[in-house]
2 protein chains.
Amino acid sequence: MVSSSSVPGTEPRKVTIHDVARSAGVSRQTVSRALNDKDEIDGTTKQRVLDAARALGYRPSRFARGLVRQDTTTIGLVIPDLLNPFFTEVAAAALEAARSRGWHVVVYDTADTAEEERGTLQVISSQVDAVVGYFSCPEDEVELFTRGMPVVLIGREHRTARFSSIRIDGEDGVHAAVAHLVARGHAQIGMLDHDGRAEPSIRREWFTAAATSHGLDAGMVVGADQSADGGGAALRTLLTTHPDITAVLTFNDIIAIGALREARRIGRSVPEELAVIGFDGLQLGAVVEPPLTSVALDTRKLGALAIEQVARLLTGVNPLAADDLVVRAELRLAGSA
Amino acid sequence: MVSSSSVPGTEPRKVTIHDVARSAGVSRQTVSRALNDKDEIDGTTKQRVLDAARALGYRPSRFARGLVRQDTTTIGLVIPDLLNPFFTEVAAAALEAARSRGWHVVVYDTADTAEEERGTLQVISSQVDAVVGYFSCPEDEVELFTRGMPVVLIGREHRTARFSSIRIDGEDGVHAAVAHLVARGHAQIGMLDHDGRAEPSIRREWFTAAATSHGLDAGMVVGADQSADGGGAALRTLLTTHPDITAVLTFNDIIAIGALREARRIGRSVPEELAVIGFDGLQLGAVVEPPLTSVALDTRKLGALAIEQVARLLTGVNPLAADDLVVRAELRLAGSA
DNA sequence: AGCGTTCACGTGAACGTTCACGTGAACGCT
DNA sequence: AGCGTTCACGTGAACGTTCACGTGAACGCT
């Protein structure tokens, strides 16, 4: 029933197109014709070839095929953590955009470690035609391993002309968020920033500018670990230092969701006693109660844009300029603010 | 600065190892040695080759390389919807298990449509060495396109000997869940089943058996669309028909989370006035409030098991039998019941 | 001085397909 | 009957690497 390769000790010597040809009493080319549904082959011969191929357990080599007809495009998608809902959405969007072009996507989850990221970089160039993704290591290291390949970075500014990157522009969105809170009468607005990186986040800069423009104190900021628990803990810290805060913006939705949960635990009703506005606009925000108000970005557009740019870089025609590689995040009102 | 391939009209004629060799004044083999960090090459020569390769924008063909050294394994992971948290976790687990073996994973999101699933089946065999995933189309159709490849199905019983499948065994877990509810004094327990398929789900059968064994009415079941909104709507329906219900089991966590949200909306406190127990044990359950009690399965083990079986099928040694391809789901208590 | 060994290369073959082209037999038309 | 065309194949070459092996020069030892 099962092929002979399942017998221990028998190494599964590859069965090639020649074996099928010999078995069916035809030439390689005829086998190729039968398998690829080409013309110029007799019906009975075709069936005989197909039977022989099945009997031998024949499978064409994707390498040999790829070598001669250079038509399949495969891109590598590198993300730090597929379980992080933001990257889940980005990955889903990239997969969708790639599929609509008939491309294949190899996904690498670097487990948020520099070590795995380096490991991925080392093997990726021999597996794909282009790379889309998020890297935390220095640019020149990425450059070293992706030489000659199109690379599109996501959500990270790049410095060298070697890369493209999709920029997330939340400046107006954050301004709108602060304006919305002010209009609702909030005068003490804090922020739960991301504390993972060395420099302050650009999202915090947007918050600072917006708060300042309304004459508010922009200094009520604490860093949060990028998780729901981190968001809860950060809110606790923030409220200890600044008990009069009535609204918070957060670095992203995960942190905001943790803040929502913490607010319920300490008995602050949302949005009446504490307004919460996240960033990213994840689908996850619709599942929690109250639904999360967020400075939302269109992750599908983000993925589509990245793939579009890869396509242009691969063909070499009219790659998009930095100004066109922007996804704008806009305030989307829901229950939490 | 950028290669000449970016000039419109210039088709990017592939630069091969020969071009580099000629440019550096050496042979192909020496180029190969330089690029692959092999011995038997002089330091200066190596540098000269590397410089030439960079200047020409040379990138080795993965097809040619793969053809001659048959060492890379690539598997295809097929899932209906990456944004469904269950499949997100399965995908993450499979990626992790594959990475630890140095395998590459091509991910196909079939968008929950038969059409995309068929499209994926048609192309997948020429791209990967084995397939792991979830298919909704008939087995013989899967068989047709995956001829000769190892195939491991997830969360679906298979009928032919041609496939392996990972079975999810929640019988004991569901029994424990019902026993837990009974111990807490619940006498009217309903279920929110999945209504997507023709046949009743096996999870419902487990519920029926468990409820019956405790002398309870096992008939209070309604189907729910597989989404949070679906779960909310189904709970509403169920409580209309059976207002005296004090606890519900659900087909999965997504539905349970919708039920939690609906309970809050109609003013039933959880778990005091309505106990909710989900199925799957997703990480998502820890984010909602109260945290979700669930008949939890170990998705990492699920992914690891699938990859392990693929490895055994590929080498042909000791494939696991059906009895070993089981992931048991166990009751995990949290706040909602 | 003689000879084995190492170094730093190069050359032909092979991996398993598809493409371009060639070819004999059968067919159809005048 | 003669000849062009179609049908159903087959054959050599090519895709771009790496592997196995070959080779001349330099080196080191007695």
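Lettering follows sequence order; numbering is per chain, from 1.
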Given atom [atom1] of [X] and atom [atom2] of [N], what is their separation to the nearest angstrom?
X     : N      : atom1 : atom2 : result
B:D19 : D:dC15 : CG    : P     : 11 Å
A:D71 : D:dC15 : CG    : C1'   : 13 Å
B:R69 : C:dC15 : CZ    : C1'   : 13 Å
A:R65 : D:dG16 : CZ    : C1'   : 18 Å
A:K14 : C:dG16 : NZ    : C1'   : 9 Å

Once pairs are restricted to Watson-Crick or G-U wobble with both distances under 3.5 Å, how does DNA chain D read as a dot-bracket string, [ ] for crossings and | for other-strand pairs? ||||||||||||||||||||||||||||||
Cationic N near anionic O, under 4.0 Å, [X] to [Y]:
X      : Y      : result
B:K14  : B:D19  : no
B:E308 : B:K301 : no
A:R48  : A:D51  : no

Heavy-atom donor-acceptor pair, [X] side chain to [Y] backbone, under 3.5 Å:
X      : Y      : answer
B:D42  : B:T44  : yes
B:D112 : B:P80  : no
A:E96  : A:R300 : no
B:S32  : B:R28  : no

Respond yes when some side-chain nitrogen or oxygen of A:S32 is under 4.0 Å from OP1 or OP2 of C:dT18, and no when none is. yes
Residue pairs, two or more places apart or on separate chains, that pass ring-ring contact (aromatic ring centres under 6.0 Å, His included) and touch residues 48-95 of chain B: B:F87-B:Y134
In B/S/- notation, 5' to 3', how is nucleotides 7-13 of chain C contacted by protein heavy atoms closer than 4.0 Å? -BBBBBB
Please tell me which of the listed nucleotides, D:dT17, C:dT17, D:dT18, lies nearest to the side chain of A:P60? C:dT17
Where the side chain of B:L67 is defined as all heavy atoms beyond and including C-beta, which of D:dT17, C:dG16, C:dT18 is the nearest nucleotide? C:dG16
Checking all strands, does A:R59 fall into the base, sugar-phosphate, or nothing category for heavy-atom contacts under 4.0 angstrom? sugar-phosphate
Mind checking whether B:L121 and B:C137 have side chains closer than 4.5 Å, heavy atoms only? yes
